[in-house]
Amino acid sequence: MLFKPKSVRTHFSGLIFFQNYQRNLWVKPSHRYGKYNEEDDDDKDPKLRNTKENQLDHFYLYKSKGQHLLTNTRILDAIVRRSNIKPTDTVLEIGPGTGNLTVKLLEAAEKVVAVEIDKRMVDVLHKRVAENGLQERLNVICKDAMKVEFPQFDLVVANIPYGISSPLIAKLVYGRNPFRSATLLLQKEFARRLLAEPGDSEFNRLAVNVNLVADVEFVMDVSKREFLPCPKVDSSVVIIRPKPELPDVNLNEWRAFTRTCFGKKNKTLGATFKQKKKVMQLLKLAKTTSLNKENPPTGNNYECDEYYDGKYEDEDTDGEECFASSTSDLEMNLFKEKIVGILRKSGFEDKRPSKVSNEDLLHLLSLFNQAGIYFHDHVKPNDLGNANAAYLS
């Protein structure tokens with residue numbers, strides 16, 4: 001029986017990471033998943049903690065926190081080159097790690113804003129940049145990228161932690177800050193979903209919501225062997241470019257609508273909208289919206305939740321039961337016929353959302369809204385035009 005150690009003891013000495021330095025790194029894989037917690041970095045064994053304190057250049061890399069460092073200089077150069085950085089640009093980098101990409105960005109841009117949650121990485125990054133004489137052009141924000149408000153920037157270039165890919169992209173493309181493009185290194189499977197088109201097996205709500213506001217271009221695949229420590233999957237580089245003109249649609253309404261359509265993406269739209277629970281939810285929203293238009297709420301200023309994704313809209317079971325008890329079967333059936341009539345007349349009843357284009361989805365949403373059928377609770381002033389981000393999938 002072979003013994004499999006829980007961690008591989010490696011460490012790095014110096015600041016430049018290449019493949020032939022793999023024996024010089026500490027890599028600590030973890031089976032725990034979830035949000036980053038700085039307290040997790042403290043070793044419980046005092047001997048190990050003292051050893052680390054005495055060896056300032058030695059620390060663990062946590063796979064579960066997305067700490068996979070890209071070491072291939074050819075690929076790093078290609079990423080910078082494809083980003084089309086101007087000498088006057090400010091570049092935002094999420095998760096700079098030890099600075100393999102950061103140094104190259106500083107050489108091409110006027111300024112780099114690096115957001116890094118790990119204080120150990122920040123210390124190494126500052127030291128490395130100082131040794132290259134570029135410290136005056138680097139601004140490091142040691143905070144959680146999902147919680148901090150980004151300063152103004154022109155471009156995003158980053159090898160982002162896989163665990164925050166979806167919410168981070170949402171924060172960028174639906175955020176306040178206008179930017180020219182985002183060159184991102186993503187998990188290959190996630191990138192394929194982002195690039196998917198109607199009819200593709202990977203087509204999903206993520207692609208629909210991103211493509212509403214941005215164009216996505218595939219750049220290249222990157223083997224998992226180019227990272228240290230080596231992840232389990234390959235990666236891909238994509239470029240996201242915000243569209244100069246956006247469709248005339250309420251983004252909250254669109255987001256709630258696509259959530260409904262893609263709940264079961266291989267179900268026909270007719271089957272999805274005929275469900276009793278869904279009919280009841282939409283009838284309740286229609287009445288709420290109608291009342292709200294007649295009697296606009298005053299006095300209450302709801303605080304907008306940056307990352308609210310509406311996931312609780314479908315979980316108000318007490319409210320649904322109360323509403324159902326006060327709604328007649330006749331009213332429910334009439335409203336259901338109204339929904340089905342729109343789908344049938346427009347030719348969407350037998351279509352599956354995985355095969356429908358954004359243009360067709362926008363048209364269907366417009367037909368629903370014109371008939372007084374809504375998907376977002378308009379009492380909640382959570383307009384994505386003012387919020388920073390929303391989960392996409």
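The analysis underlying the following values was restricted to heavy atoms, covering all of them including side chains, and did not include hydrogens, waters or symmetry mates. On a predicted model such as this, the values are computed, not experimentally measured, just so you know.
Under the 4.5 Å side-chain heavy-atom criterion for Ile, Leu, Val, Met, Phe, Trp and Tyr, Val148 and Phe179 are members of the same hydrophobic cluster. Under the 4.5 Å side-chain contact rule for hydrophobic residues, Leu246 and Trp254 share a cluster. Met280 and Leu334 fall into different hydrophobic clusters, defined by Ile, Leu, Val, Met, Phe, Trp and Tyr side-chain heavy atoms under 4.5 Å apart, directly or through other members. Following chains of ILVMFWY side-chain contacts shorter than 4.5 Å, one cannot reach Val340 starting from Leu285, and the two form parts of different hydrophobic clusters. Cluster annotation: Ile373 is connected to Met332 through the hydrophobic network of ILVMFWY side chains, with a link wherever side-chain heavy atoms come within less than 4.5 Å.
Judged purely by atom type and a 3.5 angstrom limit, Arg205 uses its side chain to pair as donor or acceptor with the backbone of Arg255. Formation of a donor-acceptor pair under 3.5 Å by the Glu116 side chain with backbone atoms of Asp118 is found in this model. Here the side chain of Asn177 pairs a donor or acceptor atom with the backbone of Phe150 at under 3.5 angstrom. A donor-acceptor contact shorter than 3.5 Å links the side chain of Asn204 to the backbone of Glu202. With hydrogens and angles ignored, the 3.5 Å screen pairs no side-chain donor or acceptor of Asn132 with any backbone N or O of Leu134. At least one donor-acceptor pair closer than 3.5 Å links the side chain of Tyr174 to the backbone N or O of Asn209. In this structure, the side chain of Asp221 does not engage the main chain of Ser236 through any donor-acceptor pair within 3.5 Å. Of the possible donor and acceptor atoms, none in the side chain of Asp200 sits under 3.5 Å from a partner among the backbone N and O of Phe203. Lys188 places no side-chain N or O within donor-acceptor distance of the main-chain N or O of Ser223, the cut-off being under 3.5 Å.
Within 6.0 Å of NZ on Lys243 lie more than 12 heavy atoms contributed by other residues, nucleotides or ligands. More than 12 heavy atoms of other shown residues, nucleotides or ligands fall within 6.0 angstrom of atom NZ in Lys351. The environment of Gln275 atom CD is dense: over 12 non-hydrogen atoms of other residues, nucleotides or ligands sit within 6.0 angstrom.
Residue Leu365 holds its CG atom at 4.5 Å from CG of Asn369, rounded to the nearest 0.5 Å. In this structure, CG on Leu185 lies 13.5 Å from CD1 on Ile94, to the nearest 0.5 angstrom. The distance from the SG atom of Cys230 to the NE2 atom of His68 is 8.5 Å, given to the nearest 0.5 Å. Between Ser201 atom OG and Asn266 atom CG the span is 9.5 Å, to the nearest 0.5 Å. Ser83 OG to Ile239 CD1: the interatomic distance, rounded to the nearest 0.5 Å, is 6.0 Å. Distance check, rounded to the nearest 0.5 Å: CG of Leu76 to CD of Glu226 gives 9.5 Å.
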### Task
Run the numbers on Asp89 and Arg180 for salt bridge (Lys or Arg N to Asp or Glu O under 4.0 Å), then give the verdict.
CA-CA 10 Å; Asp89 281 338; Arg180 201 161 69 246; 2.7 Å; yes
### Message
Working note: Lys104 + Asp77, criterion salt bridge (Lys or Arg N to Asp or Glu O under 4.0 Å); need CA distance, chi angles, decisive distance, verdict.
### Response
CA-CA 7 Å; Lys104 294 182 179 296; Asp77 289 334; 2.9 Å; yes
### Task
Check step by step if salt bridge (Lys or Arg N to Asp or Glu O under 4.0 Å) holds for Lys355 and Asp360.
CA-CA 10 Å; Lys355 299 182 184 299; Asp360 286 340; over 6 Å; no
### Task
Start with the C-alpha distance between Val156 and Val91, add both sets of side-chain angles, then the distance that settles side-chain contact (heavy atoms from CB on, under 4.5 Å), and finish with yes or no.
CA-CA 6 Å; Val156 184; Val91 177; over 6 Å; no
### Message
Show, in sequence, the C-alpha distance, side-chain angles and deciding distance for Lys287 and Glu331, and conclude whether the salt bridge (Lys or Arg N to Asp or Glu O under 4.0 Å) test is met.
### Response
CA-CA 12 Å; Lys287 287 188 172 184; Glu331 187 178 14; 2.8 Å; yes
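Of the N and O atoms on the side chains of Thr102 and Glu93, at least one donor lies less than 3.5 Å from an acceptor on the other residue. Using a 3.5 Å distance cut-off with no hydrogens or angles, the side chains of Thr268 and Asp350 do not pair a donor with an acceptor. With 3.5 Å as the limit, one finds a donor-acceptor pair spanning the side chains of Asn100 and Arg128. Side-chain atoms of Ser181 and Arg241 include no donor-acceptor pair closer than 3.5 Å. Using modelled atom types, one finds no donor on one side chain facing an acceptor on the other under 3.5 Å when comparing Lys284 with Gln281.
Using a cut-off of 4.0 Å between Lys/Arg side-chain N and Asp/Glu carboxylate O, Glu149 and Lys171 are scored as not salt-bridged. The existence of a salt bridge linking Glu136 and Lys111 is excluded, since no basic side-chain nitrogen approaches an acidic carboxylate oxygen closer than 4.0 Å.
Residues Asn84 and Leu155 share a closest heavy-atom pair of O-CD1, 4.2 Å. Between Phe227 and Asn159, the closest heavy-atom pair is CE2-ND2, 3.9 Å. The shortest non-hydrogen separation linking Ala207 to Leu194 is CB-O, 3.9 Å. Closest approach of Gly372 to Ala286, counting heavy atoms only: O-CB, 3.5 Å. The nearest pair of heavy atoms linking Pro229 to Gln67 is CD-O, 3.2 Å.
Looking only at side-chain heavy atoms (C-beta outward), Val173 and Ile240 come within less than 4.5 Å of each other. Using a 4.5 Å cut-off on side-chain heavy atoms (C-beta onward), Leu138 and Val113 make no contact. Side-chain contact check for Pro353 versus Leu269: some heavy-atom pair is nearer than 4.5 Å.
Below 30°, between 30° and 60°, or above 60°: for Phe348 and His363 the angle between ring planes is between 30° and 60°, a tilted geometry.
For Phe368, the ring-ring contact (aromatic ring centres under 6.0 Å, His included) partners are Phe273, Phe375, not counting sequence neighbours.
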